[in-house]
Amino acid sequence: MTVRAERTMTVSAAPERVWEFIVDPNERAKPISVVDDWDIEDDTHATWHISLPIPVIDRTIAVETEDVEQREPEYARFIGRSKVMRVQGEHDLEATEDGGTRLTNRFVVDGRLPGVERFFKRNLDGEMQNLEDGLNEYLEVHV
């Protein structure tokens with residue numbers, strides 16, 4: 001089973017500022033609750049170490065992420081691969097008339113073990129809220 005989620009948010013910052021957050025692998029990983037730690041390999045590759053609270057997984061899983069497409073400051077797509085799942089994230093940024101940004105996030109998770117899809121079906125919307133909260137906090141701090 002594949003889990004899909006989409007969420008659109010509007011923030012009062014220019015697309016260039018939102019872009020800084022979206023393409024920074026540190027900032028993108030920080031708000032996700034299941035990401036315990038991460039290693040940055042270069043500008044387009046990072047490894048997320050995730051813990052999923054499901055019975056068949058009793059260890060941290062390494063998810064190799066790669067930024068596969070970037071059109072600054074309007075679109076970014078990444079993929080993540082591991083033994084238990086594959087994830088794809090897309091971020092569309094659109095300038096609003098008042099100088100802000102409409103950000104549409106789309107995520108697709110394909111689980112390879114029982115319980116992975118069920119976990120993300122229940123929690124993906126909350127993780128997207130975490131991402132929105134992380135973006136707002138980033139914008140407040142990086143004025």
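Given the structure is predicted, the values throughout are model-derived calculations rather than measurements. Keep in mind that the numbers below use all heavy atoms, side chains included, and drop hydrogens, waters and symmetry copies.
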### Query
So Val11 and Leu135, side-chain contact (heavy atoms from CB on, under 4.5 Å) or not? Walk me through it.
CA-CA 9 Å; Val11 295; Leu135 171 59; 4.1 Å; yes

### Message
One pair to check against side-chain contact (heavy atoms from CB on, under 4.5 Å): Glu6 and Phe107. What are the steps and the verdict?
### Response
CA-CA 6 Å; Glu6 180 175 317; Phe107 291 94; over 6 Å; no

#### Entry: Residues Arg71, Glu69; criterion salt bridge (charged side-chain N to carboxylate O under 4.0 Å, His left out); working and verdict
CA-CA 7 Å; Arg71 293 188 312 268; Glu69 186 176 356; 2.6 Å; yes

### Test log, rule side-chain contact (heavy atoms from CB on, under 4.5 Å), inputs Phe119 and Val109
CA-CA 10 Å; Phe119 170 81; Val109 177; over 6 Å; no

### Message
Pair Asp125, Gln129 - check side chain to side chain donor-acceptor pair (under 3.5 Å), show working.
### Response
CA-CA 6 Å; Asp125 192 55; Gln129 181 62 52; over 6 Å; no

### Task
Would you check, one step at a time, whether the test side-chain contact (heavy atoms from CB on, under 4.5 Å) holds for Tyr138 with Ile22?
CA-CA 10 Å; Tyr138 175 85; Ile22 291 297; over 6 Å; no

### Task
Before giving the answer on side chain to side chain donor-acceptor pair (under 3.5 Å), spell out for Gln70 and Tyr75 the whole-Å C-alpha distance, their side-chain angles and the decisive distance to 0.1 Å.
CA-CA 6 Å; Gln70 293 185 353; Tyr75 179 80; over 6 Å; no

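Taking the side chain as every heavy atom from C-beta outward, Asn105 and Glu90 never approach each other to under 4.5 Å. Contact annotation: the side chain of Ser33 approaches that of Glu127 to within less than 4.5 Å [non-hydrogen atoms, C-beta and beyond]. Proximity of His49 to Val35: side-chain heavy atoms (C-beta onward) are nowhere separated by under 4.5 Å. Using a 4.5 Å heavy-atom threshold, the side chains of Ile57 and Val116 count as touching.
Salt-bridge formation is detected for the pair Asp92/Arg106: a Lys NZ or Arg NE/NH1/NH2 atom is positioned less than 4.0 Å from an Asp or Glu carboxylate oxygen. Between Glu64 and Arg81 no salt bridge is recorded (no basic side-chain N to carboxylate O distance below 4.0 Å).
Arg102 contributes atom CZ, which lies 6.5 Å from atom OG1 of Thr96 (distance to the nearest 0.5 angstrom). Summarising the geometry, atom OG1 belonging to Thr65 is positioned 13.0 Å from atom CD belonging to Gln88; distances are rounded to the nearest 0.5 Å. Within the model, atoms CE of Met85 and CZ of Arg112 stand 10.0 Å from one another, a figure rounded to the nearest 0.5 Å. In this structure, NZ on Lys30 lies 7.5 Å from CD on Glu137, to the nearest 0.5 angstrom. Rounding to the nearest 0.5 angstrom, the gap separating the OG1 atom in Thr10 from the CD atom in Glu94 is 9.0 Å. In this structure, the separation between CZ on Arg28 and CG on Asn26 is 10.0 Å, given to the nearest 0.5 Å.
Grouping the Ile, Leu, Val, Met, Phe, Trp and Tyr side chains by contacts below 4.5 angstrom, directly or via other members, places Ile61 apart from Val108. Each of Trp38 and Val68 belongs to its own hydrophobic cluster when Ile, Leu, Val, Met, Phe, Trp and Tyr are linked at side-chain heavy-atom distances under 4.5 angstrom. No continuous path of ILVMFWY side-chain contacts below 4.5 Å connects Ile79 to Met128, so the two sit in separate hydrophobic clusters.
A side-chain donor-acceptor contact under 3.5 Å links Arg17 to the backbone of Leu139. In terms of modelled atom types and a separation under 3.5 Å, the side chain of Asp24 and the main chain of Glu20 share no donor-acceptor contact. Using a distance-only test at 3.5 Å, with no hydrogens or angles considered, no donor-acceptor pair links the side chain of Thr101 to the main chain of Leu103. Checking side-chain atoms of Arg118 against main-chain N and O of Ile54 turns up no donor-acceptor pair under 3.5 Å.
Around CZ of Arg122, the count of heavy atoms belonging to other residues, nucleotides or ligands within 6.0 Å exceeds 12. For Asp37, the CG atom counts as densely surrounded, since its 6.0 Å shell holds more than 12 non-hydrogen atoms of other residues, nucleotides or ligands.
For the residue pair Ala76 and Val23, the shortest heavy atom distance occurs at CB-CG1, 4.4 Å. Nearest heavy atom pair, residue Val18 against residue Ala13, reads CG2-O, 4.2 Å. Closest non-hydrogen pair, Val63 versus Ser82, comes out as CG2-CB, 3.8 Å. Closest heavy-atom contact between Thr47 and Ala62: CG2-CB, 3.9 Å. Residue Pro25 comes nearest to Ala46 through the heavy atom pair CB-CB, 4.2 Å, listed as atom of the first residue, atom of the second, then distance. Nearest heavy atom pair, residue Pro73 against residue Glu16, reads CG-OE2, 3.8 Å.
His91 and Phe78 have parallel rings, their planes meeting at less than 30° on a 0 to 90° scale where 60° marks the start of perpendicular.
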